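The model shown is predicted, which means the values in this text are computed figures rather than measured ones.
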Amino acid sequence: MSQQFDQVSVVKAANVYFDGKCVSHTVILADGTKKTVGVILPATLTFNTGAPEIMEGVGGTCRVKLKGESEWTRYGAGQSFNVPGDSSFDIACDEPYHYVCHFG
C-alpha cells in the first residue's frame, strides 16, 4: 500500500466515535473514492459496517474478531483485514492503532 494519497480533498470535520476513542477524517480521491484515515486509542470497541471494508494498519497493533468468529486475530502496521458489508467486528487496542479504511 502507498505511503500517501496525492491530489485529494479532506473533509475538515472529524468523525468522532465512542467518546473520542476513535477519530478519523474522510479523504476523497480525485476519482471520487472515499477512505477514512484515523486512530483508535486503547479500548475494545464494536463497529458495524454498511459497505464492505478493508482496514489497513499503518501503525500500532490491534486484535480483531469478525462477526461470527470466536478467535481474535492480531494485526499490525502493514497488515490489513477485510470486513464484509452489513456486518460487524470487535477491535481491541492496547496502544494507539493508526489505520486507513478502504470502502467498497
message: Please find the pair of heavy atoms, one from G104 and one from A51, that lie closest to each other, and give the distance.
response: N-CB, 4.5 Å
message: For a 4.5 angstrom cut-off between non-hydrogen side-chain atoms, does V100 reach F5?
response: yes
Could you tabulate the donor-acceptor pairs under 3.5 Å formed by side-chain atoms of residues 87-94, not counting sequence neighbours?
from, atom 1, to, atom 2, distance (Å)
D90, OD1, T46, OG1, 2.5
D94, OD2, R63, NH1, 2.8

- prompt: With hydrophobic residues grouped by side-chain heavy-atom distances under 4.5 Å, do M55 and F47 end up in a single group?
  reply: yes
- request: Measure the spacing between CD1 of I54 and CZ of F81 and express it to the nearest 0.5 Å.
  value: 11.0 Å
message: Once rounded to the nearest 0.5 Å, what's the spacing between atom CD of Q79 and atom OG1 of T61?
response: 9.5 Å
- prompt: Is Y97 reachable from V58 through a run of I, L, V, M, F, W or Y residues, each pair having side-chain heavy atoms under 4.5 Å apart?
  reply: no
field: Sidechain-backbone polar pair: E53 side chain, P84 backbone, donor-acceptor under 3.5 Å
entry: no
field: hydrophobic_cluster_shared for V37 and F103, side chain cutoff 4.5 Å
entry: no
Listed pairs under 3.5 Å, donor-acceptor, residues 64-75 side chains, sequence neighbours left out:
none

query: L29 versus Q7: any side-chain heavy-atom pair under 4.5 Å?
result: no
task: Using the side-chain hydrogen bond (donor to acceptor under 3.5 Å, both in side chains) rule, collect all pairs that involve residues 29-41, keeping only residues at least two apart or in two chains.
output: D31-T33, K35-H102
query: Do V10 and I28 share a hydrophobic cluster (ILVMFWY, side-chain heavy atoms under 4.5 Å, transitive)?
result: no
query: Does D6 have any side chain to side chain donor-acceptor pair (under 3.5 Å) partners at least two apart in sequence or in another chain, and if so, which?
result: Q4
Results of side chain to side chain contact (heavy atoms under 4.5 Å, CB included) for P96 - residues two or more places apart only: V39, L41, P42, H98
For residues 11-23, tabulate all N or O donor-acceptor pairs below 3.5 Å that involve a side-chain atom, not counting sequence neighbours.
from, atom 1, to, atom 2, distance (Å)
N15, ND2, S24, O, 3.4
N15, ND2, S24, OG, 3.1
N15, ND2, T26, OG1, 3.3

